[in-house]
> 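Could you have a look at this structure, given as structure tokens, before my questions?
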Protein chains: 2
Amino acid sequence: MPRAHNSSGPPRPSEELDGRRAAILDAVVAEYVETAQPVGSAAVARSAGVGVSPATVRAEMVALEREGYLTQPHTSAGRIPTDLGYRFFVDHLSEPGVLGPTQRSQVARFFSQVRGEMEEVLERTSALLAELTSHAAVVVGPSHDTARIVSAQVVRLASRVGLVIAVLDDGAVEKATVEFDDDLADESLSVASAALAERFVGLALREVRAEEPIGLDPLSASIVTRSLEAVASIAERREPEHVFIGGSSRIASSFDAVETVRSVLATLEQQLVVVHLLNDVLDSGLSVAIGGEHGYEPLASCAVIVAPIAIEGAPSGVVGILGPTRMNYPEAMAAAEVVSSKLSRRFASVRHGESDPDEPRRG
Amino acid sequence: MPRAHNSSGPPRPSEELDGRRAAILDAVVAEYVETAQPVGSAAVARSAGVGVSPATVRAEMVALEREGYLTQPHTSAGRIPTDLGYRFFVDHLSEPGVLGPTQRSQVARFFSQVRGEMEEVLERTSALLAELTSHAAVVVGPSHDTARIVSAQVVRLASRVGLVIAVLDDGAVEKATVEFDDDLADESLSVASAALAERFVGLALREVRAEEPIGLDPLSASIVTRSLEAVASIAERREPEHVFIGGSSRIASSFDAVETVRSVLATLEQQLVVVHLLNDVLDSGLSVAIGGEHGYEPLASCAVIVAPIAIEGAPSGVVGILGPTRMNYPEAMAAAEVVSSKLSRRFASVRHGESDPDEPRRG
DNA sequence: GTTGGCACTCAGTAGAGTGGAGTGCCAAAC
DNA sequence: GTTTGGCACTCCACTCTACTGAGTGCCAAC
């Protein structure tokens with residue numbers, strides 16, 4: 001997988017790092033992720049995989065700093081990985097990263113117990129992922145763009161208030177209340193429902209167009225017209241995919257600066273932005289966006305990990321982890337991977353009417 | 001309105017504060033809310049409503065401290081209101097508190113423009129309230145406990161997967177996917193839908209009981225049975241009222257201690273806890289709970305302001321504001337009041353099929 | 001090329017000194 | 001007797017200084 005981001009920092013490595021430098025960089029990342037303190041040459045030399053003295057490490061660190069992988073908070077401090085350093089670390093992970101046994105059983109337990117509608121599952125999954133990683137987690141459900149309407153009807157809530165309901169074949173239900181000028185007769189409602197069903201079943205939401213009904217009595221016609229408008233307005237409002245955010249309180253523990261915490265949380269509040277962010281990262285072909293790579297200023301000190309949810313091969317949402325750049329990438333990536341694939345399988349099997357392997361068949 | 005909380009701090013005022021002490025307390029609260037700095041006697045003496053010298057103010061402040069209304073971070077610092085001090089301040093507000101013109105027009109604009117289903121309105125209202133007050137805001141919609149089913153049906157999502165849909169007369173739609181052992185025939189679906197409608201329309205969700213259908217062909221009977229179970233399970237799951245939280249990022253600006261921020265945010269993540277908190281406060285007859293008054297430890301440094309949403313006199317949800325005890329109570333209370341009453345009116349009129357006064361009739 | 005030795009740098013900490021905001025007390029004024 | 005100005009006192013917050021130690025960069029020796 002080629003590195004796909006286009007950083008513009010002046011110092012760029014002329015060639016790949018040799019094994020020793022890579023090992024030193026790895027050691028710095030590992031140590032810094034754990035301690036949050038700048039890492040000195042002694043600590044690196046002590047770490048496994050680096051068989052040289054501190055003096056040699058120092059020389060290499062100078063090179064790594066010149067090439068932009070490390071930085072020094074100040075002279076006479078240890079080194080900290082730069083975004084580029086993390087990038088190299090992530091791109092050259094030797095092992096895919098695994099979850100601990102506790103986490104694995106947590107995931108297994110979750111997916112064997114969770115029940116209910118997709119929305120509820122996704123919501124709870126975001127909490128699971130946050131719990132697993134100790135970072136904020138985002139789960140975006142499938143877009144309803146391609147889902148087709150399997151049922152459309154209008155029912156009466158009050159004498160002059162109706163509710164138009166469209167059921168999509170992915171299990172979503174869209175609705176809109178409509179106020180009418182006249183009392184709703186049962187008969188008109190049935191006629192209108194039938195007309196709605198006839199026109200809309202089989203269409204995707206965005207294919208819905210409001211059009212004049214023909215050949216109906218005036219009252220039913222007006223109901224149909226208003227209901228058509230309502231369905232069309234649902235499509236227009238194009239309610240973006242539902243976004244579920246779990247563990248946002250973890251953000252507070254991740255950054256020292258209160259202002260950073262505030263701005264990251266504020267960004268998370270804008271669900272549309274979050275969806276775009278995740279999709280951008282996904283589209284760029286990366287599974288990790290570090291620091292400025294994603295281009296969202298307020299999240300410049302964050303790393304984003306994404307993993308697509310794919311139902312029958314079709315991209316159907318995404319799970320994401322949002323934490324400080326100083327995060328345990330292998331673990332977080334593994335968590336995102338596992339959870340997204342579990343979700344994918346869960347929904348694929350539901351759609352097929354097969355039972356999920358995780359979900360014990362109920363008697 | 002008598003003070004309804006039962007604090008257990010040892011120092012309690014033997015009698016009410018006289019006018020001067022009250023004025024001094026008010027001045028301390030006002031100043032501290034604005035500056036976040038301990039307030040000295042000079043500042044109090046300078047403030048309008050207190051016509052005495054700093055020396056006199058000092059003497060009174062000693063008394064106020066002895067009686068538990070004020071506290072001193074350290075000798076030779078100014079005074080800070082205690083929770084009891086804020087309580088007195090709130091209980092003895094002379095004017096009800098008003099919103100500024102900007103805020104008023106913001107509210108007016110919002111309610112004249114906002115459209116869509118109740119959930120969407122509530123969601124956006126929580127953002128409005130957060131914006132108005134610069135604090136986190138919570139909006140809890142009406143419970144569906146008493147809502148009656150106006151429509152029930154089952155539709156096919158896949159050959160062996162159905163979706164049971166129940167429409168409630170408050171406009172909510174509940175659903176549950178059901179997996180069947182056999183392919184779903186159109187006819188069985190109609191039969192099952194009819195059976196569901198016959199049994200459930202008119203009932204409240206919690207009145208729904210799974211019962212054996214009689215007099216149906218085996219396939220339809222099994223669909224009905226499973227669907228009945230599904231509806232019953234919806235009722236059991238008793239999805240709590242939807243909770244909408246806006247502006248949680250404001251928490252980060254409200255407290256100095258990161259740990260406080262984290263724990264408050266973590267509490268907000270538990271939506272059930274938030275609902276209980278608001279309802280507890282509401283039930284206690286208060287509109288404000290300050291510091292420890294509500295009994296939720298992690299929110300001990302917060303104040304909670306609530307205002308009920310009442311549709312046709314029936315309690316139908318609540319709006320809340322969550323901020324530091326050092327908050328502008330009159331303004332926040334006014335905001336909660338205005339927003340809750342606007343919401344109440346909006347939904348009352350929708351239910352009646354009348355147009356809301358805020359909402360311009362569309363041509 | 002690698003290493004130990006060494007001088008150097010600089011954040012962080014601790015201690016001393018200072019300024020100032022604010023208090024508590026008291027005697028004089030009202 | 002209530003209020004007030006005066007005054008000594010307290011103690012935080014800030015600054016300055018000195019010191020420590022982690023960690024570096026350089027260099028000569030291996």
Side-chain angles (χ1 to χ4, degrees), chain A residues 11 15 17-25 27-32 34-82 85 256-257 326, chain B residues 11 15 17-25 27-82 85 256-257:
Chain A
E15 34 191 283
L17 300 179
D18 63 27
R20 195 169 67 183
R21 285 193 190 163
I24 290 175
L25 179 53
V28 172
V29 170
E31 183 80 8
Y32 183 65
E34 195 176 340
T35 65
Q37 298 297 326
V39 183
S41 54
V44 172
R46 222 177 297 125
S47 94
V50 182
V52 291
S53 75
T56 310
V57 171
R58 282 200 288 279
E60 297 289 35
M61 282 170 121
V62 170
L64 283 166
E65 181 165 9
R66 190 180 51 236
E67 291 172 341
Y69 295 107
L70 294 178
T71 187
Q72 230 176 347
H74 56 85
T75 340
S76 91
R79 256 65 172 214
I80 285 177
T82 61
D256 292 333
R326 179 194 149 257
Chain B
E15 33 190 283
L17 299 179
D18 63 26
R20 193 168 71 183
R21 284 192 191 165
I24 289 175
L25 179 53
V28 172
V29 170
E31 184 79 7
Y32 183 64
V33 164
E34 194 175 340
T35 65
Q37 299 297 326
V39 183
S41 55
V44 172
R46 221 178 296 123
S47 94
V50 182
V52 292
S53 77
T56 310
V57 171
R58 281 201 288 280
E60 297 289 37
M61 281 170 122
V62 170
L64 283 166
E65 182 165 8
R66 191 181 50 237
E67 291 172 341
Y69 295 106
L70 294 178
T71 188
Q72 229 176 350
H74 56 84
T75 340
S76 92
R79 256 67 172 213
I80 286 177
T82 61
D256 292 332

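Proteins come first, then strands; the chains are lettered A, B, ... in the order of their sequence lines, and each starts at number 1. Note that this is a predicted model, so its numbers are computed, not measured.
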> Check B:V50 against B:V44 and note the closest heavy-atom contact, atom names and distance.
CB-O, 3.8 Å
> Looking at every non-hydrogen atom in both residues, tell me the closest pair between A:A23 and A:G49 and how far apart they are.
CB-O, 3.8 Å
> Could you pull out the closest heavy-atom pair between A:I80 and A:P73, with the gap in Å?
CD1-CG, 3.7 Å
> Which nucleotide of DNA chain D is the first, and which the last, in the 5' to 3' direction, to come under 4.0 Å of a heavy atom belonging to chain B?
D:dT3 to D:dC12
> Keeping the roles fixed (side chain from B:S47, backbone from B:A27), state whether a donor-acceptor pair exists under 3.5 Å.
no
> Nearest 0.5 Å, please: how far is CG in A:L25 from CZ in A:R79?
12.5 Å
> Give me the residues of residues 46-59 of chain B where at least one heavy atom lies under 4.0 Å from an atom of DNA chain D, by number, or none.
B:V52, B:S53, B:A55, B:T56, B:R58
> Under 3.5 Å, which donor-acceptor pairs link side chains of residues 28-38 of chain B to any protein atom two or more places apart or in another chain?
| unit_1 | atom_1 | unit_2 | atom_2 | d |
| --- | --- | --- | --- | --- |
| B:T35 | OG1 | B:E31 | O | 3.0 |
| B:T35 | OG1 | B:Q37 | N | 3.2 |

> If you count heavy atoms of other groups shown closer than 6.0 angstrom to CG of B:D256, is the number above 12?
no
> Any protein N or O atoms within reach of nucleotides 9-20 of chain C? Criterion: under 3.5 Å, listing atom names and distances.
| unit_1 | atom_1 | unit_2 | atom_2 | d |
| --- | --- | --- | --- | --- |
| C:dT9 | O2 | A:S76 | OG | 3.0 |
| C:dC10 | OP1 | A:T75 | OG1 | 3.4 |
| C:dC10 | O4' | A:S76 | OG | 3.4 |

> Donor-acceptor check, side chain of B:E65 to backbone of B:L70, threshold 3.5 angstrom: yes or no?
no
> If you look at every heavy atom in A:A43 and A:V39, which pair is closest and at what distance?
CB-CG1, 4.1 Å
> Counting only pairs under 3.5 Å, give me each side-chain donor-acceptor contact of residues 54-64 of chain B, with atom names and distances, residues two or more places apart or in other chains.
| unit_1 | atom_1 | unit_2 | atom_2 | d |
| --- | --- | --- | --- | --- |
| B:T56 | OG1 | B:S53 | OG | 3.4 |
| B:R58 | NH1 | B:S41 | OG | 3.2 |
| B:E60 | OE1 | B:R21 | NE | 2.9 |
| B:E60 | OE1 | B:R21 | NH2 | 3.4 |
| B:E60 | OE2 | B:R20 | NE | 2.8 |
| B:E60 | OE2 | B:R20 | NH2 | 2.6 |

> So if I take residues 35-44 of chain A and measure heavy-atom distances to DNA chain C, which residues fall below 4.0 Å?
none
